[in-house]
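This report refers to the structure that appears directly beneath it.
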Amino acid sequence: MVKTVRITLKNGDVVEKNGPVLLSDLCQEIGKRLFEDSVAAKVNGKLVDLSAIVDSDATVEFVTVKDPDALPVFRHSTAHVTAQAVKRVIPGAKLAIGPAIENGYYYDFHTQGELTLDLLPKIEEEIGKIIRENLFFKRVVMNKEEAIKFFSERNESLKVELIREIPDEALSVYNQGEFWDLCTGPHLPSTGKIKAFKLLNVAGAYWRGNEKNPMLQRLYGTTFPTKQQLDDYLKQLEEAAKRDHRKLGKELDLYSIQDLTGPGLILWHPKGAMIRKIIEDYWRDEHLARGYQLVYTPHIARVDLWKTSGHWDFYQDNMYKPIEVEDQEFMLKPMNCPFHILIYKTHKRSYRELPLRYGEMGTVYRYERSGVLHGLMRVRGFTQDDAHIFCAPEHLEQEIENCVRLALDILRKFGFEEFAITLSTGPFPSKAWEFGKGVSKKELYKKLLGETGDPAGLKEIEALSYDQIVDKFFGHRKNEFAGERNEWEHAEDVLVHVLQKVVVPLGIQPEIDIIGAAFYGPKIDIKVKDAIGREWQCSTIQFDFNLPRRFDVKYVGQDGKEHLATMVHRAMLGSFERFFGCLIEHYGGAFPFWLAPVQVRILPIGEKHLEYAKQVESELKKSGYRIEIDYQNEKIGAKIRDAQLEKIPYMLVVGDKEMESKSVSVRERKQGDLGTMALEQFLSTLPNH
RNA sequence: GCCGGGAUAGCUCAGUGGUAGAGCAGCUCACUCGUAAUGAGCAGGUCAGGGGUUCAAGUCCCCUUCCCGGCUCCA
């Protein structure tokens with residue numbers, strides 16, 4: 001008997017068929033136009049090939065080129081075509097993996113180093129050929145054994161390694177022309193559907209992301225359904241490059257990094273330093289207003305301090321070698337916390353004093369591997385806007401809430417509106433694990449064992465609880481975490497509660513990073529995006545169950561007994577260096593009026609207007625504005641151009657006309673000429689500094 | 001640290017094994033000017049550093065330093 005299949009379409013129509021339905025047939029039946037535009041389908045919400053067959057009742061939605069869901073399909077298919085082209089150009093290249101990523105795709109290959117930049121045009125040409133060949137993407141299901149044999153014969157040892165670790169017996173392989181790849185799909189119907197692609201870059205990448213594994217060559221590319229979209233994207237990349245803080249930092253004379261001082265060490269030039277000073281002033285005022293006290297601590301300390309804190313044992317790889325002075329060893333500080341603890345411990349503390357909040361703009365030095373340094377964003381010497389809160393457990397929630405609010409207030413003050421917030425937990429399952437999108441057991445398993453985990457485990461874990469999974473696969477490392485289980489659970493509950501109260505109502509969905517916490521406590525991180533979409537961590541709020549024990553940080557409670565203090569580390573901007581880098585990119589160098597190192601520049605038309613220019617200058621200086629006069633022997637057009645390129649918010653042109661009427665001709669950097677007005681009028685239009 | 005690509009005047013960049021270039025910036029002079037570049041002249045180089053090949057090296061090879069794109073790691 002033939003079974004009737006009822007298919008519910010996106011618009012609610014129901015189609016009944018006798019027997020299994022080939023989606024591409026159904027699509028064609030609905031409309032020629034739809035068929036031409038479709039690249040895949042969603043069956044009960046799951047993305048599948050158009051060549052898939054539906055044999056039971058289902059809802060079906062066709063994914064057209066305009067659908068955002070089509071993009072990953074385009075990219076993944078183009079990755080396959082790219083791999084095919086690479087194999088044609090470098091027959092010895094072994095396939096690794098090739099996923100779609102945020103703005104494109106990559107494919108990793110193991111080669112003898114043949115894959116280099118100058119081959120890109122040739123590979124692109126080959127991709128073009130494959131597209132014109134319009135090869136069909138065919139899905140073939142093999143069992144594990146067949147697949148291993150198949151890829152072994154084709155000398156694809158990396159693929160064989162992957163297959164061996166897939167728990168399922170049946171797996172899918174995709175084929176177009178002479179090219180075969182292990183893949184779950186879905187794919188475009190054929191290579192001819194690819195309309196616009198570009199290879200962007202080659203870079204090294206470790207096999208399976210592990211630096212002990214061999215290095216592969218990663219080919220980055222991107223693709224879009226239309227040429228226009230690709231061009232727009234490439235244009236966007238160019239625009240982003242113009243906002244790069246390293247380029248602007250040089251052009252605007254904000255900072256430099258020089259060979260003679262060394263990599264990752266920042267020289268703040270006067271204009272950059274002025275901006276930093278403004279940020280610092282704001283930071284100090286804000287913190288004093290919110291109950292913080294300021295402290296200052298030295299840059300070096302006896303090695304004994306770092307032995308007590310545990311940095312000697314656990315952080316040495318990031319610290320510079322000891323400095324010997326009169327037979328004693330000192331070390332440059334990588335963190336400020338031990339000093340703040342020492343200040344706390346100069347008295348016996350009462351519960352009445354708590355919470356104590358010590359803030360410091362503390363300059364720290366950390367060894368960073370040379371390859372990771374990046375302008376202002378990743379450096380070796382930096383100043384944290386650090387603070388440590390010492391409190392009793394009952395203060396925690398209020399303190400954390402205050403921290404999160406302060407962080408958001410500060411970041412918003414600087415114009416950031418988009419945040420990515422991450423909650424990193426310890427190894428003890430808590431409410432946090434279920435918070436937000438939650439964590440699947442599979443994710444947890446991968447997190448614990450990495451991609452190289454025993455595949456058998458994947459099946460087994462579904463029957464286990466979080467706790468059992470952690471104990472089974474991570475139990476041996478649990479004792480590396482400081483503090484008691486109940487402390488972790490309580491702290492994570494507090495963090496979740498605060499996020500629910502403060503962050504979720506803003507429409508921000510925090511990410512959960514299971515066991516992403518440092519060994520000493522769970523944390524909340526807030527990131528902002530840079531010009532090209534890279535996320536940089538600014539704020540961080542971290543519990544510490546370790547240092548209070550190591551330094552015996554206590555307070556006397558109402559009960560007259562000593563209790564272990566709870567300690568929170570927190571930085572709002574993160575570091576002045578990184579935050580400055582983010583600011584430069586965020587504003588593209590055109591800092592808002594209150595941050596601009598020069599707020600107003602006076603441009604005299606000629607020499608005879610200098611005297612008046614000076615009058616205007618002193619008048620404005622009385623109001624505390626940052627102002628300067630352009631003394632160049634140049635035409636007004638040139639002076640305007642210079643001020644414009646330096647992105648100075650206001651230019652005041654003064655000539656005969658202004659001198660006579662005691663006025664200024666105002667030009668704003670974006671709006672242009674605003675006309676002539678009395679000085680007082682100009683002053684009244686200025687934003688507060 | 002690893003893979004790949006780089007480093008030429010203060011900046012941005014040309015440069016084919018055969019005499020080191022341009023524009024901008026700087027300095028000097030002239031011009032005294034009305035909303036994005038006035039003109040002329042001058043000066044500016046251990047071609048990142050070191051070694052090698054060659055009759056001859058900015059150019060080819062090796063090492064070191066630093067930078068860029070990723071990977072890994074992180075504020």
Side-chain angles (χ1 to χ4, degrees), chain A residues 106 108 110-111 113-119 200-220 241 244 246-247 250-251 253 256-264 317-318 334-335 362 364 366-386 518 525-527 532 534 536-540 542 569-579 581-582 603-610 632-645 651-658 665-669 672-676:
Chain A
Y106 66 78
D108 285 349
H110 183 70
T111 70
E114 299 104 308
L115 183 54
T116 55
L117 271 179
D118 31 283
L119 269 184
L200 298 173
N201 208 354
V202 276
Y206 298 106
W207 169 231
R208 322 195 85 177
N210 186 332
E211 64 179 317
K212 293 192 183 79
N213 285 341
M215 176 131 320
L216 307 177
Q217 280 157 301
R218 176 168 295 179
L219 182 48
Y220 283 93
D244 191 312
R246 293 164 301 185
K247 181 177 153 71
K250 199 180 281 180
E251 282 173 8
D253 198 12
S256 61
I257 301 170
Q258 302 186 27
D259 284 3
L260 216 49
T261 35
D317 288 350
N318 292 289
M335 294 187 194
V364 298
R366 298 183 188 171
Y367 165 70
E368 298 283 356
R369 302 207 281 181
S370 58
V372 307
L373 300 174
H374 182 92
L376 291 168
M377 302 298 204
R378 191 81 185 268
V379 296
R380 286 183 174 158
F382 57 100
T383 303
Q384 295 179 307
D385 66 314
D386 208 0
D525 292 326
I526 305 178
K527 298 186 181 105
I532 50 177
R534 281 185 284 219
W536 294 98
Q537 183 177 315
C538 292
S539 313
T540 184
Q542 313 186 339
H569 308 251
R570 38 111 293 169
M572 304 284 98
L573 308 172
S575 77
F576 286 98
E577 286 74 10
R578 174 176 293 179
F579 190 72
C582 289
L603 315 180
I605 296 285
E607 247 168 49
K608 62 183 177 201
H609 310 113
L610 262 179
Q632 290 181 98
N633 177 14
E634 276 294 352
K635 300 213 296 194
I636 195 66
K639 293 179 184 179
I640 287 171
R641 183 184 146 85
D642 288 346
Q644 214 49 72
L645 289 175
M651 289 153 255
L652 300 182
V653 177
V654 295
D656 288 340
K657 219 167 47 181
E658 290 77 12
S665 182
V666 181
R667 186 187 165 97
E668 200 272 342
R669 68 183 162 195
D673 193 351
L674 299 182
T676 304

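Residue numbering restarts at 1 for every chain, and letters A, B, ... go by the order of the sequence lines.
No side-chain heavy atom of A:Asp642 sits less than 4.5 Å from a side-chain heavy atom of A:Glu634. Inter-residue side-chain proximity for A:Phe382 and A:Arg366 is flagged as met; some heavy-atom pair is nearer than 4.5 Å. Looking at heavy atoms from C-beta onward, A:Pro334 lies out of side-chain contact with A:Asn318 at the 4.5 angstrom threshold. Side-chain contact between A:Val666 and A:Leu652 is present, with at least one heavy-atom pair separated by less than 4.5 Å. Looking at heavy atoms from C-beta onward, A:Thr116 lies out of side-chain contact with A:Val202 at the 4.5 angstrom threshold. The closest side-chain heavy-atom distance from A:Asp656 to A:Ile605 is not below 4.5 Å.
Each of B:rU12, B:rU35, B:rA75 was ranked by its minimum atom distance to the side chain of A:Gln537; first place goes to B:rA75. Side chain of A:Gln384, nearest nucleotide from B:rA75, B:rG4, B:rC66: B:rA75. Nearest to the side chain of A:Val372, among B:rA36, B:rC71, B:rG69, sits B:rC71. Closest to the side chain of A:Val653, from the set B:rA75, B:rU35, B:rA37, is B:rU35. Of the candidates B:rG4, B:rA75, B:rU38, B:rG4 carries the atom nearest the A:Thr116 side chain, counting heavy atoms from C-beta on. Side-chain proximity of A:Tyr206 to the nucleotides B:rC67, B:rG4, B:rC2 is greatest for B:rC2. When the nucleotides B:rA36, B:rC33, B:rG34 are ranked by their closest atom to the side chain of A:Ser665, B:rG34 comes out on top. Across B:rG34, B:rA75, B:rA37, the shortest atom-to-atom separation from the side chain of A:Arg641 is found for B:rA37. Residue A:Gln217 has its side chain nearest to B:rC3 when only B:rA75, B:rU35, B:rC3 are considered. In this structure, the nucleotide among B:rU72, B:rA75, B:rA37 sitting nearest to the side chain of A:Ala638 is B:rA37.
When heavy atoms are screened at a 4.0 angstrom cut-off, A:Gly371 is found touching base atoms of the nucleic acid. In this structure, A:Ile636 reaches the sugar-phosphate backbone alone: every heavy-atom distance under 4.0 Å involves primed, P, OP1 or OP2 atoms, never a base. Using a 4.0 Å heavy-atom cutoff across all strands shown, A:Val379 reaches at least one base atom of the nucleic acid. Among the heavy atoms of the strands lying under 4.0 Å from A:Arg218 are primed sugar atoms or P, OP1, OP2 only; no base atom is included. Residue-level contact check: A:Glu668 touches neither bases nor backbone, having no heavy atom under 4.0 Å from any strand. Residue contacts for A:Tyr220: at a heavy-atom cut-off of 4.0 Å it reaches the sugar-phosphate backbone alone, with no base atom in range. Residue A:Asn201 is classed as a sugar-phosphate contact, given heavy-atom separations below 4.0 Å to backbone atoms only.
Using P as the reference atom, B:rC68 and B:rC62 are 24 Å apart when rounded to the nearest Å. Nucleotides B:rA48 and B:rC67, compared at atom C1', are 11 Å apart to the nearest Å. Comparing the C1' positions of B:rC63 and B:rA40 gives a spacing of 48 Å, expressed to the nearest Å. Nucleotides B:rU59 and B:rG17 place their P atoms 11 Å apart, quoted to the nearest Å. Nucleotides B:rU65 and B:rU19 place their P atoms 33 Å apart, quoted to the nearest Å. With C1' as the reference atom, B:rC29 and B:rC11 are 25 Å apart, rounded to whole Å. Nucleotides B:rG41 and B:rC47 are separated by 28 Å at their P atoms, to the nearest Å. For the P atom pair drawn from B:rC27 and B:rC60, the interatomic distance equals 37 Å after rounding to whole Å.
The aromatic ring of A:Phe382 sits over the base of B:rA75, with ring centres less than 5.5 Å apart and planes tilted by under 30°.
In this structure, CD of A:Gln644 is placed 9 Å from C1' of B:rU35, rounded to the nearest angstrom. In this structure, CE of A:Met215 is placed 14 Å from P of B:rG5, rounded to the nearest angstrom. Taking atom NZ of A:Lys657 as the reference point, atom P of B:rG34 lies 11 Å away to the nearest angstrom. Between the CE atom of A:Met377 and the C1' atom of B:rC67 there is a distance of 17 Å, rounded to whole Å. For A:Lys608 and B:rC33, the NZ to C1' distance is 9 Å, given to the nearest whole Å. If you measure from atom CZ of A:Arg578 to atom C1' of B:rA75, you get 4 Å, rounded to the nearest angstrom. The separation between A:Asp253 atom CG and B:rA25 atom P is 16 Å, rounded to whole Å. Residue A:Asp525 contributes atom CG, which lies 10 Å from atom C1' of B:rC74 at whole-angstrom precision.
Counting distance only, with no hydrogens placed and no angle test, the side-chain atoms of A:Arg369 and the base atoms of B:rC73 include no donor-acceptor pair under 3.5 Å. Side-chain atoms of A:Glu368 and base atoms of B:rA75 include a donor and an acceptor less than 3.5 Å apart. Remark: the A:Arg366 side chain and the B:rC73 base include no donor-acceptor N/O pair separated by less than 3.5 Å. Contact annotation: side chain of A:Asn633 to base of B:rC31, donor-acceptor pair present below 3.5 Å.
OP1 or OP2 of B:rG69 lies within a sub-4.0 Å distance of a side-chain N or O belonging to A:His374. For B:rA37, the OP1/OP2 oxygens have no side-chain nitrogen or oxygen of A:Lys639 closer than 4.0 Å.
For A:Asp385 (side chain) and A:Met572 (main-chain N/O), a donor-acceptor pair under 3.5 Å exists by modelled atom type.
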### Task
Report the C-alpha separation of A:Val379 and A:Arg578 in whole Å, then their side-chain angles, then the decisive distance to 0.1 Å, and conclude whether the side chain to side chain contact (heavy atoms under 4.5 Å, CB included) test is met.
CA-CA 8 Å; A:Val379 296; A:Arg578 174 176 293 179; over 6 Å; no

